[in-house]
Protein chains: 2
Amino acid sequence: MKKYATLKDIAKALKISTATVSRALADRWDVNPVTKKLVLEEAKRQNYRPNPIATRLQNKRSKTIGLVVPEFSSAFFPKVIAGIQKVLDEAGFQLLITQSQESLEIEERNLKLLEGNMVEGILISITREGENAEYYQRLIDSGIPIVFFNRVSAKVEAPKVIIEDYKFAFFATEHLIYNGFKKIYHFEGPVNLSVSKERKRGFIDAMNKHHRQITDKTIVQAGVLMEKGYLAMQKLIANNDLPDAIFCFNDPTAFGALKAIKEAGLKCPDDIALVGFSETEVAQLIEPPLTSIEQPTFEIGETAAKLLLEQLDECSSVPFKTVRLAAKINIRKSSVNLKNNC
Amino acid sequence: MKKYATLKDIAKALKISTATVSRALADRWDVNPVTKKLVLEEAKRQNYRPNPIATRLQNKRSKTIGLVVPEFSSAFFPKVIAGIQKVLDEAGFQLLITQSQESLEIEERNLKLLEGNMVEGILISITREGENAEYYQRLIDSGIPIVFFNRVSAKVEAPKVIIEDYKFAFFATEHLIYNGFKKIYHFEGPVNLSVSKERKRGFIDAMNKHHRQITDKTIVQAGVLMEKGYLAMQKLIANNDLPDAIFCFNDPTAFGALKAIKEAGLKCPDDIALVGFSETEVAQLIEPPLTSIEQPTFEIGETAAKLLLEQLDECSSVPFKTVRLAAKINIRKSSVNLKNNC
DNA sequence: ATTTTAACTGCAAACGATTACAATTGAATA
DNA sequence: TATTCAATTGTAATCGTTTGCAGTTAAAAT
């Protein structure tokens, strides 16, 4: 069954050497046009397709780059991928995508898989569990450049693409403060991630600036998933420990919180206002529409891919830069203080 | 820079042959434990990692399978992927994911990419543009089994995993009919896809069963994306051609329609009721919550992966089967006739 | 003492392609 | 006629592994 035609088959059929066949197929100048035509015909007849594994072993270019993302379930990464793909397409590169499922172990497996497929570079957004820092470093040392985006490594020196998380977390919090909310909580993201830290820092600094008290209840662990936001909110409700506004790590957790709020017969924003982060399309659709920070997702992907290609080109030394893209806050109903407005 | 340690390096350092090194690393019986230990140590010292390209060239197993999906932007495919990954993990296989972006051309490129990486089999959900049928066939003939899921090929014989699209489209339509809606439209999916045809067929048959008239306006082209549903609805509104209920090809188009409805100052379900398809988590969150067909996404992935592994095992001939999974209709506010209920 | 056996180890040929470096041919130049 | 050159093709090494077969050594069996 597995009947691949190889160079050798064509060579045999034509009674010439594989070298000539190879050259003919590569359309080189130093091969007789007649022979070339024969080879091309025979190749088509036999349905020849070069074996890229062999090619790759030979000349170490794969024209492929690898991607590791934690998950696809939110709309965020798919859009980033679209941006990446655009840039790579233009440069004639292909993309192999892997999903770490937020697991350190799977992430490492994926990196090995990509390395094994001889990708020329890797784009990665790390898991919430932490980082395979030693492995990233090893890859870089062995000549496979890495570009981090969104969730970046704190330990490894490499180009990084992030947004102004601190600043916009600060804005978002101030927005709640200016709207007259008194008791503002923060649903914190996974503690291992620098994004979480940045957003928390923005929250805290904004609170401090306006002399708001931060107790040990103010900051709640809530992770990245809708489910987690749901559970965290349920817990607050069960404990009868209700803030009047929450700045959530991201949109899915805000959605989860909203679900719990509704189920408890409470109203948003009347009882509890919400702000999300990482604009998703559905933020506008839900009731009430969710105030959220809109990230330039597509651009994040583009930028990361460009940085990687740069690394590939000047195989020597562009200094590692961290690109920080701007974001935008979309204010919607979920965070306007109705009592104030009356 | 690119300083990979190879078998040869280890062999040289230890002044033995690469054959012995290879055997030592493969932990074979016929190598002196002392030598083995030396090799292992030296390998660690030099940070040796086998080059999988070379391995793959040698013994044609890659333990990798490839996946092609049209997009990730809806929650559907990510969940299917999770199911696939579970099964493959258990079987010790790895997954390379590619995205065709609904483009026939990119799909073919992706297939080539996967083939080039010597995947042992391919899972695919085809583009809305149609199929690369000849290429699928060629892959299968050349010994790379393919399993289709969700969006399957009509032309190629291969295992397929789908859900009871016809039946549930029928149910969904009947549900609208029983709820007393009079003028029911269908937002049709991409015409090239058999899923679209099945769902449309279900819609039509249900309408006919209940002697509802189907005019040339009843079925509206709306594609797969939220944007498309939005535009289609806007057009209906502009034409003042309003149904009182719409059975949408999928959830995103229903979301789009809802957005247009709200923007026009209309109410759902009072003015226009909606039913979606392919349950997404947010269906419950939006206002009104969306009635939708819930597909067993995770199970679709699992099933497809299992079918593929089966093909791989009995390298000969399991007959190609089409697995049809059941679904479930979740009735929510978006499709209940309020006038009726009073 | 001779033969058998076991325990290692190395040689060399694969896998499928690419590419320096000849080698061959015939025509053009001196 | 001798020399040079261009055009074309083949030989063989290479990429990093794996593996059948053969070779070496020493201990065990006869």
Side-chain angles (χ1 to χ4, degrees), chain A residues 2-40 42-43 46-64 112 115-120 142-144, chain B residues 1-40 42-43 46-64 112 115-118 120 142-144:
Chain A
K2 309 214 182 203
K3 220 33 253 156
Y4 277 96
T6 70
L7 280 192
K8 216 183 281 179
D9 297 322
I10 300 181
K12 209 178 295 171
L14 265 47
K15 295 190 206 305
I16 55 178
S17 77
T18 61
T20 306
V21 177
S22 171
R23 278 186 285 246
L25 292 170
D27 198 25
R28 295 177 98 94
W29 59 275
D30 59 350
V31 38
N32 191 329
V34 180
T35 326
K36 195 181 289 183
K37 220 182 98 205
L38 284 175
V39 170
L40 256 32
E42 182 65 21
Q46 298 204 24
N47 187 19
Y48 168 82
R49 328 187 94 300
N51 180 331
I53 292 290
T55 311
R56 214 168 283 188
L57 183 57
Q58 181 64 225
N59 50 0
K60 309 164 146 235
R61 295 220 64 179
S62 64
K63 277 285 189 178
T64 301
K112 281 183 185 154
E115 186 187 5
N117 281 288
M118 300 231 110
V119 297
E120 298 184 24
S142 77
I144 302 183
Chain B
M1 32 175 69
K2 308 214 182 204
K3 219 35 252 152
Y4 278 97
T6 70
L7 280 192
K8 217 183 280 180
D9 297 322
I10 301 181
K12 210 178 294 170
L14 265 48
K15 297 190 207 301
I16 55 178
S17 76
T18 60
T20 305
V21 177
S22 170
R23 279 185 283 245
L25 292 170
D27 198 24
R28 295 176 99 94
W29 59 274
D30 59 350
V31 39
N32 191 329
V34 182
T35 325
K36 195 181 288 182
K37 220 182 98 207
L38 283 176
V39 169
L40 257 30
E42 182 64 21
Q46 297 204 24
N47 187 20
Y48 169 81
R49 327 187 95 300
N51 180 332
I53 291 290
T55 311
R56 212 167 284 189
L57 182 58
Q58 183 64 227
N59 50 0
K60 305 160 150 244
R61 296 219 64 179
S62 64
K63 278 286 190 175
T64 301
K112 282 183 184 154
E115 187 188 3
N117 282 287
M118 302 231 108
E120 298 184 25
S142 77
I144 302 183

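Letters A, B, ... are given to chains in the order of the sequence lines, protein chains preceding strands, and every chain is numbered from 1. Source: prediction; values computed, not measured.
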**Q.** 5′-ward residue of the pair V31(B)/L7(A) relative to DNA chain C
**A.** V31(B)
Q. What integer distance in Å separates N32(B):CG from dT24(D):P?
A. 19 Å
**Q.** Positive for side-chain contact (heavy atoms from CB on, under 4.5 Å) with T18(A), one of R23(A), K12(A), K8(A)
**A.** K8(A)
(Q) Do L7(A) and L25(A) have side chains that approach each other closer than 4.5 Å (heavy atoms only, starting at C-beta)? (A) yes
Q: Write down the distance between CG (D9(B)) and C1' (dC15(D)), rounded to a whole number of angstrom.
A: 13 Å
Q. Once you round it to whole Å, what is the distance between P of dT19(D) and CH2 of W29(B)?
A. 14 Å
Q: Using a 4.5 Å cut-off on heavy atoms from C-beta on, say whether the side chain of D9(B) contacts that of Y48(B).
A: no
Q) At under 4.0 Å between heavy atoms, what does D30(B) touch on the DNA or RNA strands: base, sugar-phosphate, or nothing? A) base
Q.
Please classify the nucleic acid contact of P52(B) as base, sugar-phosphate, or nothing, using heavy-atom distances under 4.0 Å.
A. nothing
(Q) I need the CZ-P distance between R56(B) and dG16(D), as an integer number of Å. (A) 16 Å
Q) Among the nucleotides dT14(D), dT17(D), dT9(C), which one has an atom lying closest to any side-chain atom of T35(B)? A) dT9(C)
Q: Please report, rounded to the nearest Å, how far the P atom of dT18(D) is from the CD1 atom of I10(B).
A: 11 Å
Q.
I want to check something: taking the side chain as every heavy atom from C-beta on, are E120(B) and T64(B) in contact at a cut-off of under 4.5 Å?
A. no
Q.
Closest-nucleotide mapping onto DNA chain D: is A54(B) or R28(B) further toward the 5' terminus? I mean the 5' end.
A. A54(B)
Q | Strand-adjacent residues in residues 16-25 of chain A, judged by heavy atoms under 4.0 Å from DNA chain D | A | I16(A), S17(A), A19(A), T20(A), R23(A)
Q: Look at the side chain of L57(B) and decide which nucleotide, out of dT9(D), dT9(C), dG16(D), has an atom nearest to it.
A: dG16(D)
(Q) If you compare every side-chain N and O of K8(A) against the phosphate oxygens of dC15(C) (OP1, OP2), does one of them come in below 4.0 Å? (A) yes
(Q) Would you compute the distance between atom NZ of K15(B) and atom CG of L38(B) and round it to the nearest 0.5 angstrom? (A) 13.0 Å
Q: Send over the distance from I53(A) CD1 to dA14(C) C1', rounded to a whole Å.
A: 17 Å
**Q.** Any side-chain heavy-atom pair of V39(A) and I16(A) under 4.5 Å
**A.** yes
**Q.** Closest nucleotide among dA17(C), dT8(D), dG16(D) to the P33(A) side chain
**A.** dT8(D)
Q: Calculate, to the nearest 0.5 Å, the distance between atoms CZ and OG1 belonging to R28(B) and T20(B) respectively.
A: 11.5 Å
Q) For D27(B) and dT19(D), what is the distance between atoms CG and P respectively, to the nearest whole Å? A) 14 Å
Q. Given atom CD of Q58(A) and atom P of dA20(C), what is their separation to the nearest angstrom?
A. 10 Å
